[in-house]
Number of protein chains: 2
Amino acid sequence: MTECLTGPVGNPTNFASLSLSRRVGFLSYKLTQILLHTFEERLAAVKLTTRTYFMLSAIDREPPLSQQELSRLIGVDPTTVVALVDDLEQLGYVKRSRNRSDRRRHDLLLTAAGRRNLAAAHRVADEVEAEIFSPLTAAERDTYADLTRKVLANHWPA
Amino acid sequence: MTECLTGPVGNPTNFASLSLSRRVGFLSYKLTQILLHTFEERLAAVKLTTRTYFMLSAIDREPPLSQQELSRLIGVDPTTVVALVDDLEQLGYVKRSRNRSDRRRHDLLLTAAGRRNLAAAHRVADEVEAEIFSPLTAAERDTYADLTRKVLANHWPA
DNA sequence: TATTGTTATACTCTATAACTATA
DNA sequence: TATAGTTATAGAGTATAACAATA
């Protein structure tokens, strides 16, 4: 779906030359591309990606979470979740444990190392945000966030 | 890099439950995800993707463009560009033609059908933007665009 | 009979390297 | 020697289907 967001951020000239810069949607897209690119680059230090960061965040936030629940929560295929949990378990960030009342379920829990690295990832997110949005004043940043929330409220009824 | 943007938009609950909604970066990310998802869905009607839409836009904007130039412009691997131009040529949207002064180059040009479908894609982009940003007033939309440009100016020196 | 987790498999997408033709 | 284009091939990522265990 989003092959363009993959790969390098690309030549700055395309910003102007594609003549898409008047499109507010393209501006959003470009900003997100830069945000993600920077974030993933720094996140490599704790051996995480945006997606595994979301997974750890969810597991931390709503324990105990089954793999199916996690799958639905972040919109990732169940089989992919299995593979990713395998990776996170091998990294020592996550532990599977059989649910006692429903022995089909694997409850997902963070290990101490998982909590440590999730905290580090949160710090990376803070840093990157501060850096990318540094051209804005605090008030402007709030305005930007409020407007974005207003748009999302209509399409993402949380 | 952005596996999370792939696939379905996911369960709305994650917006709140991931506790990331306070992060302005996450808000940007979510908005872009919804924008892209909606855009690609509608773009299927003209057999294009976000990436091939960018390609057609670039070819339209800066003819004659070689495949290498296009590759650098949109930050996509040259071999991938070859495959994608193959697709676009098969769709009848693009024509390759040998450059006379440098016979190594293939100049890329839009066909009539290519121009027609690019115009249709532009209309789709307009529609989707109008729809997604409909919760904002015109003034708010301008503010949003201005703030985004201000952020980008620092990281994307066009 | 439905659900959770898993594996095996196929499919798509992308990148690497090697080749050709031109410069 | 370098560049534009191409092809072949291998790798990663993802999804589909089938299966085991449990409800």
Side-chain angles (χ1 to χ4, degrees), chain A residues 1-11 33 36-37 40 44 47-52 54-55 58-59 63-90 94-109, chain B residues 1-10 33 36-37 40 44 47-52 54-55 58-59 62-90 94-109:
Chain A
M1 152 187 185
T2 55
E3 310 91 339
C4 277
L5 273 171
T6 321
V9 177
N11 189 320
Q33 187 183 36
L36 274 176
H37 188 262
E40 294 248 329
K47 298 186 196 289
L48 290 173
T49 63
T50 304
R51 190 166 50 173
T52 50
F54 285 168
M55 290 173 68
I59 295 169
L65 210 56
S66 78
Q67 297 185 157
Q68 294 279 347
E69 288 164 345
L70 181 56
S71 163
R72 284 188 293 268
L73 199 60
I74 62 175
V76 172
D77 193 275
T79 63
T80 304
V81 168
V82 170
L84 292 171
V85 170
D86 283 346
D87 294 345
L88 289 172
E89 205 167 23
Q90 196 138 28
V94 165
K95 252 306 194 200
R96 284 175 168 108
S97 101
R98 282 277 174 207
N99 185 299
R100 297 189 177 237
S101 55
D102 183 346
R103 292 183 47 71
R104 290 173 307 180
R105 293 166 54 103
H106 274 160
D107 290 337
L108 299 175
L109 296 166
Chain B
M1 153 190 184
T2 56
E3 309 93 341
C4 278
L5 272 170
T6 321
V9 177
Q33 187 184 34
L36 273 176
H37 188 262
E40 295 248 330
K47 297 186 196 288
L48 289 173
T49 63
T50 304
R51 190 166 51 174
T52 50
F54 284 168
M55 289 173 69
I59 295 169
E62 309 202 342
L65 209 56
S66 77
Q67 298 185 155
Q68 294 280 346
E69 287 163 348
L70 181 57
S71 163
R72 283 188 294 268
L73 200 60
I74 62 175
V76 172
D77 193 275
T79 64
T80 304
V81 168
V82 170
L84 292 171
V85 171
D86 284 346
D87 295 344
L88 289 172
E89 205 168 23
Q90 197 138 25
V94 164
K95 253 303 194 202
R96 285 175 169 106
S97 102
R98 283 277 176 205
N99 184 299
R100 294 186 178 241
S101 55
D102 182 346
R103 293 183 45 72
R104 292 172 308 180
R105 294 166 53 105
H106 274 160
D107 289 337
L108 300 175
L109 296 166

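Only heavy atoms go into these numbers, but all of them, side chains included; no hydrogens, no water, no symmetry mates. Residue numbering restarts at 1 for every chain, and letters A, B, ... go by the order of the sequence lines. These figures come from a predicted structure and were not determined experimentally.
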Engineer: Rounded to the nearest Å, what distance is computed from the CG atom of residue A:D86 to the P atom of nucleotide C:dT6?
Structural biologist: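 Computing the A:D86:CG to C:dT6:P distance gives 7 Å.
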Engineer: Starting at atom CG of B:L84, determine the distance to atom C1' of C:dC13, rounded to an integer number of angstrom.
Structural biologist: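 Atom CG in B:L84 sits about 10 Å away from atom C1' in C:dC13.
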Engineer: Could you check A:A83 against A:S101 and say which one's nearest nucleotide on DNA chain D is further toward the 5' end?
Structural biologist: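 Residue closer to the 5' terminus by nearest nucleotide: A:A83.
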Engineer: Between A:L108 (CG) and C:dG5 (C1'), how many Å, whole number?
Structural biologist: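 Atom-to-atom, A:L108 to C:dG5, this comes out as 11 Å.
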Engineer: Answer yes or no: does a side-chain N or O of B:R96 lie under 4.0 Å from OP1 or OP2 of D:dT6?
Structural biologist: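 Answer yes for this pair, as a side-chain N or O of B:R96 is under 4.0 Å from OP1 or OP2.
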Engineer: Please report the distance, rounded to the nearest Å, between CG in A:L70 and P in C:dG5.
Structural biologist: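 In whole Å, C:dG5 P lies 10 Å from A:L70 CG.
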Engineer: Roughly how far, to the nearest 0.5 Å, is the CD1 atom of B:I59 from the CD atom of B:Q67?
Structural biologist: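 Nearest 0.5 Å value for the CD-CD1 distance: 8.5 Å.
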Engineer: Please determine, for the side chain of A:T79, which listed nucleotide (C:dT22, D:dA15, D:dG5) has the closest atom?
Structural biologist: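 Of the options given, the side chain of A:T79 lies nearest D:dA15.
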Engineer: Between P on D:dG5 and CZ on B:R98, what's the gap in Å once rounded to a whole number?
Structural biologist: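 So the CZ-P distance, B:R98 to D:dG5, works out to 8 Å.
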Engineer: Has B:R51 got a side-chain N or O lying under 4.0 Å from the OP1 or OP2 atom of C:dT14?
Structural biologist: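 Yes, within the criterion.
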Engineer: Reckon B:D102 touches a base, only the sugar-phosphate, or nothing at all at heavy-atom distances under 4.0 Å?
Structural biologist: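 It contacts sugar-phosphate atoms only.
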Engineer: Looking at the side chain of A:R104, which of D:dA4, C:dA15, D:dT22 is the nearest nucleotide?
Structural biologist: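 Output: D:dT22.
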Engineer: Nearest to the side chain of A:H106 - C:dT6, D:dG5, D:dT22?
Structural biologist: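 So the nucleotide nearest the side chain must be C:dT6.
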Engineer: Before accepting this row, confirm whether a basic side-chain N of the pair A:D107/A:R100 lies closer than 4.0 Å to the acidic partner's carboxylate O.
Structural biologist: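 Salt bridge between A:D107 and A:R100, a charged N being under 4.0 Å from a carboxylate O: no.
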Engineer: How long is the gap from OG1 on A:T49 to CZ on A:F54, to the nearest 0.5 Å?
Structural biologist: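 Reported value, rounded in 0.5 Å steps: 9.5 Å.
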Engineer: Round to a whole Å and report the spacing from CZ of A:R103 to P of C:dT6.
Structural biologist: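 Result: 13 Å.
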Engineer: Looking at B:T80, does any N or O in its side chain come under 4.0 Å of the phosphate oxygens OP1/OP2 on C:dA15?
Structural biologist: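 Answer is yes, contact under 4.0 Å.
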Engineer: Whole-Å distance between D:dG5 P and B:R72 CZ?
Structural biologist: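 That distance rounds to 9 Å.
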Engineer: How many angstroms lie between CG in A:L88 and CG in A:L108, if you round to the nearest 0.5 Å?
Structural biologist: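 Going from CG on A:L88 over to CG on A:L108, the span is 9.0 Å.
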Engineer: Set out, in order, the CA-CA distance, both residues' side-chain angles and the distance that settles side chain to side chain contact (heavy atoms under 4.5 Å, CB included) for A:T52 and A:K47, then state yes or no.
Structural biologist: CA-CA 9 Å; A:T52 50; A:K47 298 186 196 289; over 6 Å; no
Engineer: For B:N99 and for A:D107, find the nucleotide of DNA chain C with the closest heavy atom, then tell me which residue's nucleotide is more 5'.
Structural biologist: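 The residue whose closest nucleotide sits nearer the 5' end is A:D107.
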Engineer: Rounded to whole Å, please give me the gap between CG in A:D77 and P in D:dA15.
Structural biologist: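 Taking CG of A:D77 and P of D:dA15, I get 5 Å after rounding.
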Engineer: B:Q67 has a side chain; which of D:dG5, C:dG5, C:dA2 sits nearest to it?
Structural biologist: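 Comparing D:dG5, C:dG5, C:dA2 against the side chain of B:Q67, the answer is D:dG5.
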